[in-house]
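Okay, structure first, notes after.
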Amino acid sequence: MQALRFRLALWGWRSLSDLIFLVLFRLWPYRRNMVLLNMARCFPTRSEKEIRQMVTAYFRHLADLIVEPFMIGGVARGSLGKLVSYENTALIERLLREKKHIVLMASHYGSWEYLLSLPLQTDCQVLAAYSPVSNRWINSWLLKLRGRFGAVMIPKSEWYRRTLGWNAESSAIFVTIADQRPPESGKYYLNFMNRKTFVQSGAARIAVQRDCAVVYLDVTRRERNAYDFRFRLITAQARELGEAGIMEHYYKALENTIERQPEFWLWSHNRWKFHSRHGQKPVNALGLL
């Protein structure tokens with residue numbers, strides 16, 4: 001009976017996603033020119049036909065992305081493995097045995113909302129940031145949905161202070177979506193997807209301050225609405241690698257993930273809003289790769 005309910009729910013969510021795709025791609029083109037421009041600049045050797053195919057595939061994914069938080073939030077735990085699987089959990093277990101706090105560097109790739117099921121994979125506390133919405137009822141409902149599996153949800157405005165001040169005796173995992181665009185041109189830039197890119201290094205700064213282990217979350221879409229998450233170690237001692245080194249490793253790993261399946265990154269985000277300015281400090285850690 002549970003399997004039947006899952007299939008019916010999946011059919012319903014996918015039907016809604018198909019409708020959303022028609023709206024976003026055909027009736028009300030959502031930032032389609034930005035997606036096209038970003039992809040063309042990041043993949044200069046690909047033909048116009050390939051780029052347009054990638055754009056269409058991206059909008060199909062974007063429609064799925066809208067419904068997937070509700071899918072993962074409502075699925076029975078017995079069916080959870082049909083949507084998300086975790087690989088190389090032995091790495092997390094080893095780091096926790098070594099009493100290390102972990103900064104998990106995820107990205108706007110695949111369905112990052114699925115990562116809120118991570119507490120089911122570990123006995124430690126999992127902390128994640130969120131952006132509150134103005135409507136109190138909706139905000140409360142979203143918090144309940146996102147915290148269903150045990151994640152500790154922290155408002156973005158309090159994230160840096162509370163993660164640095166986290167004094168629990170046992171280790172914790174700090175989940176960060178680390179490919180955020182900085183609010184201004186920023187302190188660091190690097191070469192990412194064939195473009196000079198300013199980066200926000202808050203996750204690396206937390207890791208260095210606390211000397212955390214830093215783990216990259218590699219994501220592969222197994223099939224529609226289903227993802228495989230794999231943990232890859234960046235460093236067990238953040239202070240040895242430093243902020244610049246951590247960010248360089250992270251963006252190189254993210255670039256590899258994107259090039260494998262480009263359509264599943266958030267291309268409609270204006271990631272390259274800022275251009276270089278005189279006197280900015282570049283990340284220069286390529287020799288560490």
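Worth knowing before you read on, the calculation uses all heavy atoms, side chains too, and leaves out hydrogens, waters and symmetry mates.
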Mind telling me whether [Y] and [X] have parallel, tilted or perpendicular rings, with 30° and 60° as the class edges?
{"X": "F70", "Y": "W13", "result": "parallel"}
{"X": "Y227", "Y": "H61", "result": "perpendicular"}
{"X": "W265", "Y": "W267", "result": "perpendicular"}
{"X": "F59", "Y": "F25", "result": "tilted"}

Applying salt bridge (Lys or Arg N to Asp or Glu O under 4.0 Å), which residue pairs with at least one partner in residues 102-114 are found, sequence neighbours left out?
->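 Residue pairs passing salt bridge (Lys or Arg N to Asp or Glu O under 4.0 Å), neighbours aside: E113-R146.
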Would you mind listing every salt bridge (Lys or Arg N to Asp or Glu O under 4.0 Å) that reaches into residues 13-38, with sequence neighbours excluded?
->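 Salt bridge (Lys or Arg N to Asp or Glu O under 4.0 Å) check on residues 13-38 returns D18-R224.
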Salt bridge check: are E248 and K252 linked by an N-O gap of less than 4.0 Å?
->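 A salt bridge is absent here (no side-chain N lies under 4.0 Å from a carboxylate O).
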What about the rings of F174 and H101, do their centers lie closer together than 6.0 Å?
->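 Ring centres of H101 and F174 closer than 6.0 Å.
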Please indicate whether E48 has more than 12 foreign heavy atoms, meaning atoms of other residues, nucleotides or ligands, lying under 6.0 Å from its CD.
->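 Atom CD in E48 is not packed in, count stays at 12 or less.
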Ignoring hydrogens and angles, state whether a donor on the side chain of [X] or [Y] is under 3.5 Å from an acceptor on the partner side chain.
{"X": "Q121", "Y": "T89", "value": "no"}
{"X": "S17", "Y": "D64", "value": "yes"}
{"X": "R271", "Y": "T197", "value": "no"}

